[in-house]
There are 2 protein chains.
Amino acid sequence: MPPSYNVYEDRCPARQVLDRLADKWALLILARLQNEPVRFNQLRRDIKGISQKVLSQTLKKLERDGLLSRSVFATVPVTVEYALTDLGQSLVQTVNTFAHWAEQHMDTVLLAQAQYDACAASNPGA
Amino acid sequence: MPPSYNVYEDRCPARQVLDRLADKWALLILARLQNEPVRFNQLRRDIKGISQKVLSQTLKKLERDGLLSRSVFATVPVTVEYALTDLGQSLVQTVNTFAHWAEQHMDTVLLAQAQYDACAASNPGA
DNA sequence: TGTACCTAGTTTCTTTTTGATACCAACAAA
DNA sequence: TTTGTTGGTATCAAAAAGAAACTAGGTACA
């Protein structure tokens, strides 16, 4: 039987889920949380280049989607810990595969880019 | 030994590769090409909601990265076919896993969203 | 001959999103 | 008292995405 949901369909909820996950910051956050809960500022330090605003927004979205949980501890100053839920854990392997692909095939991609750019430079009109 | 590249590092090329792939349109294009070459307007029709501009831009980037190839045939009117390269093929399985995760876990995500929103509505000040 | 339509895009303009920066409250350490 | 920590929010400029019109080269129809 055909699948109930289809990511190619514009308004299918599965597409919306894919839209949420197909985001570099979301993937990096999920990957960073795979082994242990991590606090807000630690995430900010570890995931180089993320801004506080985007980190905050992305964490909220991932929490809303049930992929991670937010725990507040009444320490001084306050401690907020983010951890993967079971649902988030179920996605981590795929996220890792993705990150590893990027790390492993990077040289090939860089080479392809250089070739493309060289070709474009010698054929400016094409 | 530690990996040469690290997606958590801001300027690491691997991060840039991840940035490129962590894009819903790029993933949907790669997934659509997995079984056969597809033409521009066919992609536009199949991937619901993509605009011509973004499709054109994304195809160029993926071609530059060496993930797909662009072939022009001198038919009337002209035919342009996009196909996965070997490098693109090596990524397709991961892309599929992602899309399938979205389709399979969607109900859980929708439920989590509803719970989150209900809780937020009853705790407007929190 | 004019009109409409096909291909594969590009251009233009508006709206949305992102990123950088500053700011906030509460408290600790020097 | 100034500096630093926690976890954020507010503001504003820049970048990206989206919607729509437009291009070019040609076919088909009437």
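Heavy atoms only: backbone and side chains are in, while hydrogens, waters and symmetry mates are out. So that the names make sense, note that chain A is the first sequence line, chain B the second, and so on, each numbered from 1.
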Does [X] place a side-chain N or O at less than 4.0 Å from the phosphate oxygens OP1/OP2 of [N]?
X	N	value
A:Thr79	D:dG7	no
A:Arg39	D:dG7	yes
B:Arg45	C:dC6	no

Atom pairs under 3.5 Å: protein N/O with N/O of nucleotides 16-20 of chain C:
residue	atom	partner	partner atom	Å
C:dG19	OP2	A:Trp25	NE1	3.2
C:dG19	N7	A:Lys53	NZ	3.0
C:dG19	O6	A:Lys53	NZ	2.5

Distance in angstrom units between [X] [atom1] and [N] [atom2], rounded:
X	N	atom1	atom2	answer
B:Gln42	C:dT7	CD	P	9 Å
A:Phe40	D:dT9	CZ	P	8 Å
A:Leu55	D:dA10	CG	P	16 Å
B:Leu43	C:dG9	CG	P	10 Å
A:Asp46	D:dG7	CG	P	12 Å
B:Gln52	C:dT11	CD	P	13 Å
A:Glu81	D:dG7	CD	C1'	14 Å

Might you point out which heavy atoms bring A:Asn6 and A:Tyr8 nearest each other, and give the distance in Å?
->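 That would be OD1-N, 2.8 Å.
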Would you name the heavy atoms of A:Cys12 and A:Tyr5 that are closest together and state the gap between them?
->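 Looks like SG-CB, 3.6 Å.
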Using the side-chain contact (heavy atoms from CB on, under 4.5 Å) rule, pick out the option among A:Leu91, A:Val92, A:Ile29 that qualifies with A:Leu67.
->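 So the option named by the test is A:Leu91.
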Test side-chain contact (heavy atoms from CB on, under 4.5 Å) applied to A:Leu43 and A:Leu59, A:Ile50, A:Leu28, the passing residue |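 Answer to the side-chain contact (heavy atoms from CB on, under 4.5 Å) test with A:Leu43 among A:Leu59, A:Ile50, A:Leu28: A:Leu59.
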Nearest nucleotide by nearest heavy atom, which residue falls closer to the 5' end of DNA chain C, B:Asn41 or A:Pro77?
->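 Nearest nucleotide further toward 5': that of B:Asn41.
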Do any N or O atoms from the side chain of A:Thr58 and from the backbone of A:Val54 form a donor-acceptor pair under 3.5 angstrom?
->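 Flag set: sc A:Thr58 to bb A:Val54 pair under 3.5 Å.
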Check: B:Lys48 main-chain N/O paired with A:Arg15 side-chain donor or acceptor under 3.5 Å =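 Side chain of A:Arg15 to backbone of B:Lys48: a pair is present.
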Modelled atom types, side-chain donor and acceptor of A:Asp46 and A:Gln42, under 3.5 Å =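 Yes, A:Gln42 and A:Asp46 have a side-chain donor paired with an acceptor closer than 3.5 Å.
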How is A:Arg44 classified with respect to the nucleic acid when contacts are heavy atoms under 4.0 Å: base, sugar-phosphate, or nothing?
->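 No contact.
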Is B:Tyr82 touching bases, backbone alone, or none of the nucleic acid, heavy atoms closer than 4.0 Å?
->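 If one applies the 4.0 Å heavy-atom cut-off, B:Tyr82 turns out to touch the sugar-phosphate alone, with no base involved.
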